[in-house]
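The next block holds one structure in the form of structure tokens; read it before the comments.
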Amino acid sequence: MPRVGVDTDIDVRLIQSTPGRGLVQVVGSSHLESIIVMGAGSTGAAIAHDLALRGYLVTLVERGEIASGTTGRNHALLHSGGRYAVKDPEAAQECMRENQILRRICPGVIEQVGGLFVAIDEEDEAYLVSFLVGCAESGIPTEVIGREEALRLEPELNPAVRLAVKVPDGVFDPFRLVASFVATAQANGVRVLPFCRVVGFVQDGRGVSGVRVVSDIRGSAMELKADLVINATGPWGGKVAEMAGARVPVMPSAGVMVALDRRLSRRVVNRLRKPGDGDIIVPQRATSLIGTTSWTVDELEPVPVPRDHIIRMVEEGARLIPAARHTPIKASFSSARPLISGNLESDGREVSRGFQTFDHGARDGIPGLVSVSGGKTTTSRAMAEHVGNLIGRLTGRDIPCRTAEVPLAPYYQYRLLGGLPEARREAVAP
Ligand SMILES: Cc1cc2nc3c(=O)[nH]c(=O)nc-3n(C[C@H](O)[C@H](O)[C@H](O)COP(=O)(O)OP(=O)(O)OC[C@H]3O[C@@H](n4cnc5c(N)ncnc54)[C@H](O)[C@@H]3O)c2cc1C
């Protein structure tokens, strides 16, 4: 049974309360308000980093390992924005901007492989003009190449290829990207608590003044207090907000990915058409990731991996690169996008890949709680900037965002700085 109570060894600064303010300004500290960030996917990790740079006292709480949610199970595509250029120009522009920034601040976790959008049939070819116009309007550089050049660059492409368009897609390592955000945040004073699940909120009336967490490693429960709590729990965001009586219209939209046992291409290969099932192959580590499907799910524990989706991925992937059909499958897996929508009947394809922040004080009469949802791993830094600006308004401080300029620490410093090993050591100590 978990031990219930206030765990004073977590951070005594977080549980000293200041009359009238809920919490803490540590005497003699240069830190500002205390903030708890729930969820250490790409969004929560980037937020912790942003807020630490602005001088806030931040605790990052994650129920599992960092990046153990959707972030650790995605395509790993550093979007150029090409996939959204026709239907979702705002998301396309944001992807292109953030693609450039991430290449600058964390080059060590990104492979600058480039991407191709390939036309296999007449219908794909007919999409070319709207694709090029959309890319131009979103600031995405393109270069159209003919069949021979496409096959020279990617010899395993379907020989039926008619033409291709080069775009600045890239590939990131999802765990290492998050570890870089977290390592930098730790270096700036952020306390990271992996394997600590938020099971409820500390509320004064309706206002939120902390969280109740259970440590699955230590088998203990504790209460952490703070001036503000940020809900960055991705597809779980709706359920987590509900625990405080707040509402976030998250529509978890699942996708299946299939990892083949070698790289079939040097570049990211996309089908030149409206986004659909099995229209992308991403070279990631020693695999080729074919993705993805899209359907709305209620079940996240775990997100299902329907067998017919796996078959469809391989069939559609083989239309891009025929060898996909004969390459052994190393793994198939799924995860859910934290899309925002009022339309829960949709399958998720038509929902914007943009993101939204929610100030539950203004929205639901629950001060002290902020949520963020939507977006992509590629746009996590921008999401954090928006959240940081909102926190600045709520705390009456005008501190500029610096994350576009500050280089991230190397990913391996996450462990050296002691986040996870420290928790594990405590758990196994006799
Ligand atoms: C199939 C698929 C492919 C994708 N491909 C790409 C891609 O190639 N490129 C790209 O940029 N984006 C991609 N995305 C989108 C991207 O993965 C997501 O937008 C992003 O990972 C969401 O990050 P997040 O931090 O908001 O959520 P998550 O990564 O899910 O993080 C939320 C965290 O909250 C934690 N949590 C939940 N409940 C609690 C609790 N009660 N207490 C404490 N912690 C809790 C979870 O454990 C989790 O770690 C893809 C998405 C899908 C579904």
Side-chain angles (χ1 to χ4, degrees), residues 36-48 60-81 83-84 91 94-95 98-99 102 115 169-172 174-175 177-178 181 193-201 211-216 224 229-243 250 252-258 268 270 275 277 280 282 284 289-295 297 300-301 303 305 309 313 333-340 348 353-355 371-384 387:
I36 292 170
V37 180
M38 303 182 289
S42 49
T43 309
I47 292 171
L60 178 61
V61 180
E62 162 58 51
R63 70 174 191 170
E65 174 58 282
I66 64 166
S68 57
T70 301
T71 304
R73 283 173 282 157
N74 69 20
H75 282 126
L77 169 68
L78 181 70
H79 284 268
S80 59
R83 293 177 66 77
Y84 309 122
E94 193 127 53
C95 283
E98 292 304 311
N99 174 312
L102 290 182
D169 282 342
V171 178
F172 53 76
F175 180 85
L177 176 61
V178 173
F181 276 127
L193 302 177
F195 300 99
C196 282
R197 190 158 31 94
V198 173
V199 292
F201 289 90
V211 295
R212 287 187 290 112
V213 302
V214 171
S215 162
D216 291 332
L224 302 172
V229 176
I230 298 171
N231 172 17
T233 54
W236 293 270
K239 296 246 161 27
V240 169
E242 261 172 34
M243 293 194 276
V250 180
S253 159
V256 165
M257 285 151 288
V258 175
V268 178
N270 304 265
D277 291 353
I280 181 169
V282 182
Q284 217 268 342
L289 286 181
I290 311 179
T292 179
T293 45
S294 183
W295 81 107
V297 282
L300 296 173
E301 317 289 354
V303 180
V305 187
H309 288 221
M313 288 303 90
F333 55 103
S334 62
S335 60
R337 306 164 186 87
L339 301 187
I340 304 161
R353 271 16 181 199
F355 61 86
S371 290
V372 55
S373 196
K376 320 264 331 150
T377 293
T378 302
T379 59
S380 51
R381 191 216 61 87
M383 296 170 76
V387 173

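Numbering of ligands and ligand atoms starts at 1, following listing order. Just so it is clear, the structure is predicted and the values come from calculations on it, not from any experiment.
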Which residue holds the protein heavy atom closest to [atom], what is that atom called, and what is the gap in Å?
atom                    : value
atom 30 (O) of ligand 1 : Thr70 N, 2.9 Å
atom 52 (C) of ligand 1 : Arg337 CG, 3.6 Å
atom 1 (C) of ligand 1  : Met257 CE, 3.4 Å
atom 40 (C) of ligand 1 : Val198 N, 3.7 Å
atom 25 (O) of ligand 1 : Thr43 N, 3.1 Å
atom 35 (C) of ligand 1 : Glu62 OE1, 3.3 Å
atom 27 (O) of ligand 1 : Gly234 CA, 3.5 Å
atom 4 (C) of ligand 1  : Asn74 CB, 3.3 Å

Using heavy atoms and a threshold below 4.0 Å, how should the contact between [X] and ligand 1 be classified: side chain, backbone, both, or neither?
X      : result
Cys196 : backbone
Arg73  : neither
Ala45  : neither
Thr71  : both

Can you find a non-hydrogen atom of [X] under 4.0 Å from ligand 1?
X      : answer
Ala76  : yes
Ser380 : no
Met38  : no

Selection from Thr378, Thr377, Thr379 by shortest heavy-atom distance to atom 16 (C) of ligand 1: Thr377

Partner residues of His309 under the ring pair (Phe, Tyr, Trp, His ring centres under 6.0 Å) criterion, sequence neighbours left out: Trp295

Approximate separation, where rounding is to 0.5 Å, of Ser371 OG and Met38 CE: 6.5 Å

Separation between CD of Glu98 and OG1 of Thr378, rounded to the nearest 0.5 Å: 9.0 Å

Lys/Arg-Asp/Glu bridge criterion (N-O < 4.0 Å) met for Arg63, Glu301: yes

Any idea which atoms of ligand 1 are less than 4.0 Å away from a heavy-atom of [X]?
X      : result
Gly375 : 19 (O)
Ser42  : 20 (C), 21 (O), 23 (O), 25 (O)
Thr292 : 1 (C)

Set of side-chain contact (heavy atoms from CB on, under 4.5 Å) partners for Ser80, sequence neighbours left out: Asn99, Ile140, Val167, Pro168, Asp169

